[in-house]
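All remarks here apply to the structure that follows.
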Amino acid sequence: MKTVTGQKRRVMLVLLLSTALLAACSDGTKSGETSTATPASSTTAASGAPNTKPAAPLDISIMAMYTSPNAPAADSDVMKKLMEVTNSKLNINWVPNAAYNDKLTASLAAGDLPTIVVADINLPAVANAVDAGVFWDLTPYLKDYPNLSRLDAGVLNNASYKGKTYGIYRARDKARSTIFIRKDWLDNMGLKAPSTPQELLDTAIAFGTGDPDKNGKNDTTGWVMDNGGSDFKAVLTWLGGPNEWAEDGGKLVPAVLTPQYTEALNAFKKLYDQHGVNQDFLLVDSNKKNEIFYGGKAGIYYQVSDATREKSVQKNDPKAQVAMINEFNGPAGIKARGENGFNLMMMIPKRNVKTEEQLRQILGFIDKLGSKEAQLLLNYGIEGVHYTLDGGQVVWKDQDGYTKATGGGPGIYNLNILTDMLPQLKSDDPQYARMIEVRKDNEKFAVFNPAAPYKSATYTTLGKTLDQLVNDAQSKFILGELDTAGWKKAVEQWKSTGGAKYIDEINAAYQAAKK
């Protein structure tokens, strides 16, 4: 399991070096200033075409967070090599992760900004800065760069703001979650692995009402859920429903108003009534949910795909077998609930990048970060120093050295579109191979939220109230405390409380982005 642990740790580290490279407040001159070397031509910087003479290294200041005990060393071998590969001189202002948003908010207020900042577009201070014209709109430029032009269209949409791209997203898997099911329990009960949403629900009821662990007691839960709502949203997607919002006739419709939402509600009520789910799920948090599954008391568990979960169950039951099932053929075919597909963005303020020519130089640098050579450095360090290759797979040689060189944690830039051209960590664990397979398969079936880029003033102020109205009514319906008429009345209350205005505002932003 050492290699799997290393993989998880590597992913976190890549996400730190990536974040790291993205932010710094000083470049060796005055705080917040950036001296930008000018290559022979902006076209050369964008396309990487041969030049008659080498361009001078590009000075870039970046502000980024770190999660390791200490900030990465500026003169580490990995950072030096990265600057060589990208023809840059990086001046990184490392900020502890816990203080990062406060520091970023203060820097925005003061106008003291570097060349590149790593930021959350949903942070109010960042969204307000975008509205105020602080950051470059990158929408027209991405097509001009070999790596940036290949960014995923769905993730770009998720990361956009009011229909425009204001940052280069740092990629993560677009659909990581899956069903974990006790294969040994299926065998004990003579059941086949479920392949449709209905078969999955029927299996949960069989586990919850039978004796799948063969201990002579009726003490098992079928599907263990918590009160977070992710299980319900997954089933909604498998039933052909939307991910938060649906596109219908040129308009955006919230999931709660779709017929599939009602189907999912009825399915969950039946699951609850027939003891296919833990009866206290509304009182269970995610930690308790993990305890129940790992403790051998549940047969079905929806969570992020991970190679370690079977071993966690085997600590309680050494003979346990856990399978990952991610494809359920529903009314609309196989679907998977998509995630945003990114974690923070690399944004370019106009304070130091004043001209289009300078902007193209910075984008050229970021494009080089997406090259295979740079991605290898960000993911694994230096070959022969931090890792070696065995049959085309990575074997760690000095993972601690790599961690110290990169700082560990969120990375400066992880370009998932190039994952297939990078080697994977060497592992003989079939669960690890299955985890990789699940994540790749899920991407083919991922359903995204089409309303992700759009904002609503009503939801900003009333979002918690609106969400609570739906969650309370949903819970009461599943528990049998609310009938169909009561549910419809609750939906009408949601509309009159602000839901209708919320819908209008989202659609106004949606239509405006099309112009």
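The residues of the chain are indexed from 1 along the displayed sequence. Nothing here was measured: the structure is a model prediction, and the numbers come from that model. These values consider heavy atoms only, across backbone and side chains, with no hydrogens, waters or symmetry-generated copies.
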For Val155, does its backbone N or O pair with a side-chain atom of Asp152 as donor and acceptor, under 3.5 Å? yes
Would a 4.5 Å heavy-atom cut-off, applied to side chains only, mark Leu108 and Leu113 as touching? yes
Do you know which two heavy atoms are closest between Pro242 and Thr258, and how far apart they sit? CD-OG1, 3.8 Å
Heavy-atom donor-acceptor pair, Ser160 side chain to Thr165 backbone, under 3.5 Å: no
For Lys183, is the NZ atom crowded, meaning more than 12 foreign heavy atoms sit under 6.0 Å from it? no
Please test Phe268 against Met225 for side chain to side chain contact (heavy atoms under 4.5 Å, CB included), starting from the C-alpha separation and ending with a verdict. CA-CA 11 Å; Phe268 266 70; Met225 298 183 188; 3.4 Å; yes
Closest heavy-atom contact between Ala234 and Tyr302? CB-CZ, 3.5 Å
For residues 458-468, run the donor-acceptor check on the side chains, cut-off 3.5 Å, and write out each pair with its distance to 0.1 Å, sequence neighbours left out.
residue	atom	partner	partner atom	Å
Thr458	OG1	Glu505	OE1	3.1
Thr458	OG1	Glu505	OE2	2.8
Tyr459	OH	Asp467	OD1	3.4
Tyr459	OH	Asp467	OD2	2.6
Thr460	OG1	Ser456	O	2.9
Thr461	OG1	Ala457	O	3.3
Thr461	OG1	Thr458	O	3.0
Gln468	NE2	Asp472	OD1	2.7

For residues 279-292, which residue pairs pass the salt bridge (Lys or Arg N to Asp or Glu O under 4.0 Å) check, not counting sequence neighbours? Asp231-Lys289, Lys288-Glu291
Could you walk me through whether Asp184 and Lys319 pass the salt bridge (charged side-chain N to carboxylate O under 4.0 Å, His left out) check? CA-CA 8 Å; Asp184 53 322; Lys319 296 182 179 180; over 6 Å; no
Between Asn227 (side chain only) and Leu283 (backbone N and O only), is there a donor and an acceptor less than 3.5 Å apart? no
If the condition is salt bridge (Lys or Arg N to Asp or Glu O under 4.0 Å), which residues does Lys335 pass it with, not counting sequence neighbours? none
Answer yes or no: is there a side-chain heavy-atom contact under 4.5 Å between Thr203 and Arg182? no
Rounded to the nearest 0.5 angstrom, the CG-CG distance for Asn449 and Asn158 is 7.0 Å
What about the rings of Tyr261 and Phe232, do their centers lie closer together than 6.0 Å? yes
Output the distance between atom NZ (Lys311) and atom CG (Asp429), rounded to the nearest 0.5 Å. 4.0 Å
What are the two closest heavy atoms between Tyr510 and Glu247, and how far apart are they? OH-OE2, 2.6 Å
Side chain to side chain, Met346 and Leu369, heavy atoms closer than 4.5 Å: yes
Indicate, with yes or no, if the rings of Trp245 and Tyr502 have centres closer together than 6.0 Å. yes
Under a 4.5 Å cut-off applied to non-hydrogen side-chain atoms, are Ile205 and His275 in contact? no
Are any side-chain N or O atoms of Glu310 and backbone N or O atoms of Gln321, one a donor and one an acceptor, separated by less than 3.5 Å? no
Residues Tyr294 and Arg309: closest non-hydrogen pair is OH-NH1, 2.6 Å
Interatomic spacing from NZ in Lys269 to CG in Asp483 - rounded to 0.5 Å: 9.5 Å
Name of the residue among Val235, Leu239, Thr237, Ile179 meeting side-chain contact (heavy atoms from CB on, under 4.5 Å) with Phe328: Ile179
Go through the structure and list residues passing side chain to side chain contact (heavy atoms under 4.5 Å, CB included) with Glu199, not counting sequence neighbours. Lys192, Pro194, Ser195, Thr196
Do Phe293 and Val322 make a side-chain contact, defined as non-hydrogen atoms from C-beta onward lying under 4.5 Å apart? yes
Is the closest side-chain heavy-atom distance between Trp223 and Leu201 below 4.5 Å? yes
Tightest non-hydrogen contact, residues Arg434 and Met324, listed as NH2-O, 2.8 Å
Given Trp185 and Asp213, is the side chain to side chain contact (heavy atoms under 4.5 Å, CB included) satisfied, shown in steps? CA-CA 6 Å; Trp185 286 16; Asp213 58 357; 3.8 Å; yes
Heavy-atom pair with the smallest gap, counting every atom of Gly240 and Ala332: CA-CB, 3.8 Å
Decide yes or no for Leu282 and Ile478: does some side-chain heavy atom of the first lie under 4.5 Å from some side-chain heavy atom of the second? no
Checking the side chain of Asn243 only, and the main-chain atoms of Gly338 only, is there a donor and an acceptor separated by less than 3.5 Å? yes
May I ask you to check whether over 12 heavy atoms, not counting those of Lys217, lie within 6.0 Å of atom NZ? no
Hey, what do you get for CD1 (Ile503) to NZ (Lys495), rounding to the nearest 0.5 Å? 6.5 Å
Backbone N or O of Thr262 within a donor-acceptor pair of the Asn266 side chain at under 3.5 Å? yes
Starting from the C-alpha separation in whole Å, work towards a yes-or-no answer on side chain to side chain contact (heavy atoms under 4.5 Å, CB included) for Ser230 and Arg337. CA-CA 10 Å; Ser230 61; Arg337 179 175 170 79; over 6 Å; no
Applying ring pair (Phe, Tyr, Trp, His ring centres under 6.0 Å) to Phe180 and not counting sequence neighbours gives Tyr301
One pair to check against side chain to side chain contact (heavy atoms under 4.5 Å, CB included): Trp487 and Gln474. What are the steps and the verdict? CA-CA 8 Å; Trp487 166 254; Gln474 178 176 303; 4.3 Å; yes
Looking at CD of Glu327 and OG1 of Thr178, how far apart are the two atoms once the value is rounded to the nearest 0.5 Å? 9.0 Å
Rounded to the nearest 0.5 Å, what's the gap from CD on Glu244 to CD1 on Ile506? Could you check? 11.5 Å
Using a 4.5 Å cut-off on heavy atoms from C-beta on, say whether the side chain of Gln260 contacts that of Leu236. yes
Kindly say whether Asn215 contributes a backbone atom to a donor-acceptor pair with the side chain of Asp211 at under 3.5 angstrom? yes
Checking side-chain hydrogen bond (donor to acceptor under 3.5 Å, both in side chains) for the pair Thr139/Asp137: CA distance, chi angles, key distance, verdict? CA-CA 6 Å; Thr139 310; Asp137 174 7; 2.6 Å; yes
Trace of the salt bridge (charged side-chain N to carboxylate O under 4.0 Å, His left out) decision for Glu492 with Lys489: CA-CA 5 Å; Glu492 291 303 315; Lys489 183 177 179 180; over 6 Å; no
Less than 3.5 Å apart, which donor and acceptor atoms pair up between the side chains of residues 117-131 and the rest of the protein, not counting sequence neighbours?
residue	atom	partner	partner atom	Å
Asp120	OD1	Asn122	N	2.9
Asn122	OD1	Lys455	NZ	2.6
Asn128	ND2	Pro124	O	3.2
Asp131	OD1	Tyr161	OH	3.1
Asp131	OD1	Lys162	NZ	3.1
Asp131	OD2	Tyr161	OH	2.9

Give a yes or no on this: more than 12 heavy atoms of other residues, nucleotides or ligands lie within 6.0 Å of atom NZ of Lys315. no
